[in-house]
Amino acid sequence: MSNVYEQKVNDFMAKVIAKNPAEVEFHQAVHEVVETIIPFIEENPQYSEGKILDRIVEPERVIMFRVPWLDDKGEVQVNRGFRIEMNSAIGPYKGGLRFHPTVNLGILKFLAFEQVFKNSLTTLPMGGGKGGSDFDPKGKSDNEVMRFTQSFMSELFRHIGPNTDVPAGDIGVGGREIGFLFGQYKRLRNEFTGVLTGKGIAWGGSLIRPEATGYGTVYFAEEMLKTRGDSMKGKICTISGSGNVAQYACEKATEFGAKVVTLSDSSGFIYDPNGIDAEKLAFMMDLKNVRRGRIKEYADKYGVEFFPGKRPWGIKCDVAMPCATQNEVNEEEAKALIDNGCFVVSEGANMPSSPEAIAIYQGAKILYGLGKAANAGGVAVSGLEMSQNSMRFNWTREEVDEKLHQIMKDIHTTCVEYGKDGDYIDYVKGANIGGFVKVADSMLAQGLV
Ligand code: NDP
């Protein structure tokens, strides 16, 4: 980047940091975008005249609220709830809810900001939002989770709606939590609408929604590999996480002929050199989704190694898919991946690679599919769930999967269109500019709102 652009990026970031102090993840997400967008805006002055960058980093609305609830001992607990309504230029706010003790305003603003670009890339009419709470579902009974989610929705319901803001799941929010949230919304509004996505199939959900993020991440990896005349077949894959995204990334990668050798949770990772096949994955799904246990049980059952407190990036692989959380690959781990021959990173998680790790991938010119492109499959099928709810009609599994696959291909094409630099495809630039244009043009068309 030239010195002039670098100065502009630094000046812009200084303003963002001063206005949003201590929100380090938000600064990180904004920096990654403006680094690629500022040179583009210089060539397209309508965006700087309309002060689009200054407007796009400012949420349209931030809602913070108290969530009191009673635990099983009858004691009062208090958590904090949030909803960031970031941008509605191209559709209702759309984005997940995260329940995790690390949740704070800065983390949700980073996620909401990324969501704006990601949703635009899907080609579907969805604005960007994100929400959640510092509530920790781990170790809580089903009744405690229900009481908490009902209290959470008792405030959130007045801010959302099928044409206003449509939340979904994220870390700590899966089918069980969406069920309780939907039930409470319906009770308070006396309305059966598509106000949340990720619903159960019997009550308005879409087939393939649970699978969509993980499948999409693998479809995106396959598209990146195609640019080098290659495919997932025969590749060794490391995956982090063992939740919703990791499970279905593992399933689809295996279906595509790859061998997945790791999965993890916050206690460490398991390394299964023979590959996590369908039967072993079924065990993992039961462990994580039903029994809600720790990953070491997998190592005990199948006699493989468990690495407590470690992440899987030191294991030799061709393809790495971080599917757990933000900043889970640092500079040293990125170097270890490259040194071990990894040449594809497809991110199921949001912002899992630190800026230093991204610089390592880009320096080595590997195929690097950043989260906002590679994990957009989840929100894309959420968009399809909204369409099906509006039509009061359901598509088949095959129809939804085909649409998801096509959307991932289209996102890849957009990234190539805006990110091609000679032989190299800069997916970071491609996704950021590709996502930006539609939102920015819509903001300009709608005047100063
Ligand atoms: P889940 O709650 O289903 O699973 C999260 C997994 O990541 C668990 O294995 C969890 O381990 C692990 N994890 C979470 N936080 C940490 C941490 N701080 N350190 C180490 N491991 C951690 O969440 P999802 O699978 O839905 O989400 C995973 C990622 O994918 C997130 O970044 C999310 O934003 C992103 N994403 C999710 C989408 C979706 O459709 N669900 C859509 C697009 C992106 P443990 O159980 O021990 O905490």
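As a basis for the values below, the full set of heavy atoms in this structure was taken, side chains included, without hydrogen atoms, waters or symmetry mates. We count ligands from 1, going down the list as the structure has it; atoms in each ligand are counted the same way.
Salt bridge annotation for Lys19-Glu58: present, with a cationic side-chain nitrogen under 4.0 angstrom from a carboxylate oxygen. Salt-bridge annotation for Glu177 and Arg98: absent, with no side-chain N of the basic residue lying under 4.0 Å from a carboxylate O of the acidic one. The residues Asp165 and Lys94 are annotated as not salt-bridged, no charged nitrogen and carboxylate oxygen being separated by less than 4.0 angstrom. A salt bridge is absent between Lys109 and Glu25; no separation between the charged side-chain nitrogens and carboxylate oxygens falls under 4.0 Å. Classification of Lys316 and Asp339 as a salt-bridged pair fails, no side-chain N sitting under 4.0 Å from a carboxylate O.
Taking all heavy atoms of Gly132, Gly268, Gly243, Ala324 into account, the minimum distance to atom 1 (P) of ligand 1 is reached by Gly243. Around atom 3 (O) of ligand 1, the closest heavy atom drawn from Asn244, Thr102, Asp136 belongs to Asn244.
Protein heavy atom at the shortest distance from atom 23 (O) of ligand 1 is Ile171 CA, 3.4 Å. Closest protein heavy atom to atom 33 (C) of ligand 1: Asp170 OD1, 3.1 Å. Annotation: atom 19 (N) of ligand 1 to nearest protein heavy atom, Thr325 CG2, 4.0 Å. Of the protein's non-hydrogen atoms, the one nearest atom 2 (O) of ligand 1 is Gly172 N, 3.0 Å.
Looking at Asp318, its side chain does come within 3.5 Å of a backbone N or O of Ile236 through a donor-acceptor pair. Of the possible polar contacts, one joining the Arg311 side chain to the Glu328 backbone as a donor-acceptor pair under 3.5 Å is found. A donor-acceptor pair under 3.5 Å is formed between the side chain of Glu385 and the backbone N or O of Lys199. Looking only at distances, a side-chain donor or acceptor of Ser354 sits under 3.5 Å from a matching main-chain atom of Ala357.
Listed by atom number, the atoms of ligand 1 under 4.0 Å from Ser242 heavy atoms are 9 (O). Near Gly241, with a cut-off below 4.0 Å to any heavy atom, the atoms of ligand 1 are 9 (O). Less than 4.0 angstrom separates some heavy atom of Arg294 from each of these atoms of ligand 1: 46 (O), 47 (O). Per-residue contacts place Ala349 under 4.0 angstrom from the following atoms of ligand 1 (heavy atoms of the residue considered): 29 (C), 30 (O), 32 (O), 35 (C).
Shown here are the side-chain contact (heavy atoms from CB on, under 4.5 Å) partners of Asn394, two or more places apart in sequence or in another chain: Gln388. Applying the salt bridge (Lys or Arg N to Asp or Glu O under 4.0 Å) criterion to Lys403, with sequence neighbours excluded, gives no partner residue.
Checked against a 3.5 angstrom limit, the closest N/O atoms of Ala246 and ligand 1 fall outside it. At under 3.5 Å, a nitrogen or oxygen of Asn350, whether backbone or side chain, sits near a nitrogen or oxygen of ligand 1. Geometrically, ligand 1 and Lys288 share no nitrogen or oxygen pair separated by less than 3.5 Å. Between Lys118 and ligand 1, not a single N/O pair is under 3.5 Å apart. Between Val245 and ligand 1, a contact under 3.5 Å exists for at least one N or O pair. Considering backbone and side-chain N/O of Lys130, none are found under 3.5 Å from N/O of ligand 1. Every N/O-N/O distance between Ser267 and ligand 1 stays at or above 3.5 Å.
Counting heavy atoms closer than 4.0 Å to ligand 1, residue Cys323 contributes backbone atoms (N, CA, C, O) but none from C-beta onward. The part of Thr213 lying near ligand 1 is the side chain, judged by heavy-atom distances below 4.0 Å. At a 4.0 Å heavy-atom cut-off, ligand 1 touches His100 through the side chain alone. Of the heavy atoms in Arg209, only side-chain atoms (C-beta onward) come closer than 4.0 Å to ligand 1. Residue contacts with ligand 1, taken as heavy atom pairs separated by less than 4.0 Å, involve Ser264 solely via the backbone atoms N, CA, C and O. Contact annotation: for Glu328 versus ligand 1, there are no heavy atoms closer than 4.0 Å.
Annotation: cation-pi pair Lys140/Phe135 present, NZ/CZ under 6.0 Å from the ring centroid and within 45° of its normal.
Remark: atom 10 (C) of ligand 1 lies closer than 4.0 Å to no protein heavy atom.
Ligand 1 has Lys138 within reach: a non-hydrogen atom of the residue lies less than 4.0 Å from it. Not a single heavy atom of Gly174 sits under 4.0 Å from any atom of ligand 1. Put simply, part of Arg98 is less than 4.0 Å from ligand 1, judged by heavy atoms.
Here the closest non-hydrogen pair linking Pro312 and Thr262 is CB-OG1, 3.6 Å.
Counting heavy-atom neighbours within 6.0 Å of Lys438 NZ, excluding the residue itself, gives a total above 12. Heavy atoms from other residues, nucleotides or ligands lying under 6.0 Å from CZ of Arg291 number more than 12.
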